[in-house]
Structure formats: structure tokens, C-alpha cells
2 protein chains.
Amino acid sequence: MKRFVEVEQWLKTHGIRLTDQRRLVVRRAVAYLHFTAEELVKDVREYDASIARGTVYRTLAMLQQAGMVEKHDFRYGPPNYEVTFAKAHHDHLMCLHCGEIIEFQEPRWERLQDEVAKRYKYQLLTHTHKLYGVCASCQRSGEKRLAEPPHLHVEEMVA
Amino acid sequence: MKRFVEVEQWLKTHGIRLTDQRRLVVRRAVAYLHFTAEELVKDVREYDASIARGTVYRTLAMLQQAGMVEKHDFRYGPPNYEVTFAKAHHDHLMCLHCGEIIEFQEPRWERLQDEVAKRYKYQLLTHTHKLYGVCASCQRSGEKRLAEPPHLHVEEMVA
DNA sequence: TCTGTAGTTGAGACTGAGTCTCAATTGGCT
DNA sequence: AGCCAATTGAGACTCAGTCTCAACTACAGA
Ligand SMILES: [Zn+2]
Ligand SMILES: [Zn+2]
Ligand SMILES: [Zn+2]
Ligand SMILES: [Zn+2]
């Protein structure tokens with residue numbers, strides 16, 4: 001089942017009005033792996049030119065509130081968003097040359113951080129672990145340009 | 001030896017002009033543990049009201065370039081800076097209620113991340129690990145306000 | 001100590017990214 | 001179909017930071 005159907009289902013069962021705009025924003029958001037708010041505004045406007053920037057931001061905030069979207073501050077440029085609904089927790093490794101983002105899991109970390117939190121008597125709520133480096137192919141090509149957050153895995157919307 | 005002396009020494013030996021403004025910015029910056037650029041602008045202006053915003057930002061950028069200052073994106077508000085010159089690497093744990101920031105070291109993490117980088121053939125350059133939670137005293141008081149990045153350990157400048 | 005000059009500064013215009021306001025519109029219930 | 005609170009579009013506004021450029025100054029060399 002396409003992920004946006006589940007997201008729309010979730011909204012419905014939580015008494016949140018399903019407008020055309022929200023449907024569109026959700027459908028386009030799930031087409032990306034990581035995206036910036038402005039990228040999404042631009043993308044969504046190709047389907048409905050009159051959609052307001054505020055609507056996109058408001059919808060993202062709502063989804064974030066609901067725990068279906070996460071906001072990541074990568075080191076360069078504006079924050080990236082990611083639809084994490086029905087997706088396992090993972091952390092990120094970013095190439096500073098080409099901007100590639102790799103998602104990975106490392107359960108031993110997750111355990112270590114509980115230990116650290118306990119050490120300082122903190123109740124742990126969230127965390128961000130980001131690694132920055134140079135990917136294999138950029139090491140080879142020896143390029144020097146800095147990362148511009150790229151689009152990865154964007155699908156066209158098929159009605 | 002006061003840390004700013006070492007910083008000024010470093011600048012001198014690297015052929016960077018020592019202006020009054022830079023001296024002031026450096027001296028005030030080392031008085032903080034973590035600070036935002038705007039906090040530093042405000043602070044520095046108490047000593048020299050005519051100092052320009054741009055000068056503070058430029059100086060911070062220069063020190064960052066030189067590896068003496070690090071910029072951290074905590075999750076709320078603008079980035080925090082930290083003078084890391086002659087300071088061991090550490091990561092951060094932040095209380096989302098009162099904004100307290102704890103610095104800690106966890107060598108096992110540092111090792112794990114090398115492993116992860118190797119797994120994806122990345123040449124690792126930097127990383128950020130941030131834990132967010134509720135500190136012991138906020139857990140007790142059950143307060144609900146969200147973090148505003150606080151000043152910690154600010155010294156007055158003594159001539 | 002006096003200069004020359006490249007590096008630095010202050011002031012303010014400018015930008016990007018996001019927020020806010022409010023009248024007009026609309027989803028979803030009856 | 002009608003109602004009305006929720007949502008939207010449009011644009012003003014904010015905040016944090018960048019840029020530009022004429023005036024100023026640190027400091028190497030005379
Ligand atoms: Zn993790
Ligand atoms: Zn991800
Ligand atoms: Zn670390
Ligand atoms: Zn620190």
C-alpha cells in the first residue's frame with residue numbers, strides 16, 4: 001500500500017480535516033527521501049500553482065507534531081525533512097562533497113546513549129547523530145565543491 | 001594562562017591582523033561556554049557600543065575556519081558557538097525544559113563511528129552527536145516551558 | 001617615526017527562510 | 001442544502017545572517 005494512504009488514514013482517524021492541499025503535500029512529501037521545505041513548496045506548486053507557502057509549512061509542522069515527519073538539521077543549508085511514518089529509526093551519514101545522505105542503523109549506539117543519559121540522570125527524549133565525511137566516489141574524483149542538499153529518489157506523482 | 005592570550009598568539013603567528021575589535025570579540029567569546037552570535041554581539045557592545053554586527057560574525061567565521069571555534073546546531077533557536085581551542089572533543093546533552101547543556105565524552109562512540117564510516121567507505125571528517133531530554137531537576141519540578149538557549153558561566157571582563 | 005597600502009571596519013541595504021494576520025473559502029457534520 | 005469552525009492564500013513582517021563599499025588602521029618597509 002502506498003504510504004500516503006496510511007498517512008491520510010491516520011489524519012482521518014485523528015479528526016484532522018483532509019483538504020486537497022494537505023493531500024497534495026503528503027503525496028509529494030512521501031515521494032522524497034529527504035527534502036527541504038522550499039523544495040517541497042516548489043514541487044507541490046507544479047501540481048497546484050496557487051498553493052501558499054504557509055500551507056506547506058503548516059502541513060509539515062502538523063505532520064511533525066503527529067510524529068510522522070522528522071526535521072533534520074544537516075550542517076549546510078536549511079533543514080531537511082523526512083517522512084518517518086512506518087520507517088525504522090536510523091541515523092545519517094552525509095558526504096560533504098556531493099551531498100549524498102546514507103541512512104544506517106547502529107544498535108550499539110542506541111544502547112550507549114541510554115547509558116550516557118542515565119549517567120547524568122536525564123530522561124532521554126530524542127537524539128541526533130550525524131556523521132560527515134567524503135564518500136568513496138568523491139574520494140576518487142577528488143572534487144572540491146561543498147554539499148548542496150540534493151534531491152534523491154524523487155518520484156513523479158502518478159495521479 | 002588566560003585562553004585568549006593563546007588565541008591572540010595563534011592569530012599573530014598566522015599573520016592575521018590583531019585589531020581592537022578582534023581582541024574584544026575573542027576575549028568575550030572565551031568568557032562563555034556556549035553562546036549564540038547575537039548574544040555575543042550584544043555582550044561585546046557593552047564594551048564598545050560601535051562594534052558592527054558584521055565584525056562579530058566575520059571574526060567568528062575566521063576563528064571557526066582556524067579551528068578554534070565550533071558552531072553547533074542545537075535543536076531550538078539559532079546556532080551556538082563554542083571556543084574549542086585547547087579543549088578536548090566532547091559531545092552534548094541538552095535539557096529541553098531549562099536549556100542546560102552538559103558536555104560529555106564517550107570514547108566507545110567515537111570508535112563505533114569509525115566502524116560505521118568504514119562500513120560505507122567514507123572518509124570521516126566530523127560528526128555531531130546530540131542527546132535531548134529532561135534533566136533531573138526539571139523532571140522533579142515538572143515544568144513545561146521549552147528551551148531558550150541560556151548563558152552559562154559568563155565572566156565579566158576584568159580589564 | 002613616517003608612510004603606503006592591503007586588510008579591516010561600520011553602517012546600512014539586502015537576502016532567505018520562515019512566521020503571522022486576517023478576510024475569504026471549504027470540509028464535514030446535520 | 002446549510003452551517004460554522006477549521007483551513008487557506010496573499011502578502012506583510014521578522015529574524016538571523018550576508019554583502020557592499022567608502023572610510024579607517026595595523027603594521028611592514030623606508
Ligand atoms: Zn540513533
Ligand atoms: Zn533519514
Ligand atoms: Zn563525539
Ligand atoms: Zn561544548
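What you see below is based on every heavy atom in this structure, not just the backbone, and it leaves out hydrogens, waters and symmetry mates. Letters go in sequence order (proteins before strands), and every chain restarts at 1.
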Measure from the side chain of B/Glu38, starting at C-beta and using heavy atoms only, and say which of D/dA16, C/dA17, C/dG10 lies closest.
-> D/dA16
Establish, with yes or no, whether the OP1 or OP2 oxygen of C/dG18 is under 4.0 angstrom from a side-chain nitrogen or oxygen of A/Arg53.
-> no
Relative to A/Tyr47, does A/Arg28 satisfy both conditions: NZ or CZ under 6.0 angstrom from the six-membered ring centre, and within 45 degrees of the ring's axis?
-> no
Ignoring backbone atoms, test whether B/Thr19 places a side-chain nitrogen or oxygen under 4.0 Å from the OP1 or OP2 oxygen of C/dT9.
-> yes
B/Ile51 has a side chain; which of D/dG9, C/dG10, C/dG27 sits nearest to it?
-> C/dG10
Whole angstrom is fine here: how far is it from NZ in B/Lys12 over to P in D/dC27?
-> 6 Å
Assign each of B/Gln21 and B/Ala37 to its nearest nucleotide of DNA chain D by heavy atoms, then name whichever residue's nucleotide is nearer the 5' end.
-> B/Ala37
C/dT19 C1' sits how many Å from B/Tyr76 OH, rounded?
-> 17 Å
To the nearest Å, give me how far apart CG (A/Leu11) and P (D/dA6) are.
-> 16 Å
Euclidean distance, atom CG of residue B/Leu18 to atom P of D/dA28 [Å, nearest integer] | 11 Å
Look at the side chain of B/Pro78 and decide which nucleotide, out of D/dA16, D/dA10, C/dG10, has an atom nearest to it.
-> D/dA16
Can you tell me how far C1' of C/dT9 sits from CE of B/Met62, to the nearest Å?
-> 14 Å
Touch class at under 4.0 angstrom, heavy-atom based, for A/Arg22 against every strand present | sugar-phosphate
B/Glu39 CD - D/dG17 P separation (whole Å) | 11 Å
Kindly state whether the ring of B/His92 and the ring of B/Phe74 have centres lying under 6.0 angstrom apart.
-> yes
For A/Tyr57 and D/dT8, what is the distance between atoms OH and C1' respectively, to the nearest whole Å?
-> 17 Å
Judged by nearest nucleotide, the residue sitting upstream toward the 5' end of DNA chain C, B/Ala52 or A/Tyr81, is B/Ala52
Closest of D/dG9, C/dA11, C/dG7 to the B/Arg17 side chain is C/dG7
Has A/Lys118 got more than 12 heavy atoms of other residues, nucleotides or ligands less than 6.0 Å from its NZ?
-> no
Using heavy atoms to find the nearest nucleotide of DNA chain D for B/Pro79 and A/Thr59 separately, return the residue whose nucleotide is more 5′.
-> A/Thr59
Do B/Arg3 and B/Phe85 meet the cation-pi criteria used here (NZ or CZ under 6.0 Å from the six-membered ring centre, within 45° of the axis)?
-> no
Minimal heavy-atom distance between A/His89 and A/Gln105, with the atoms involved, is O-NE2, 3.1 Å
Find the distance A/Leu24:CG to C/dG27:P and express it as a whole number of Å.
-> 14 Å
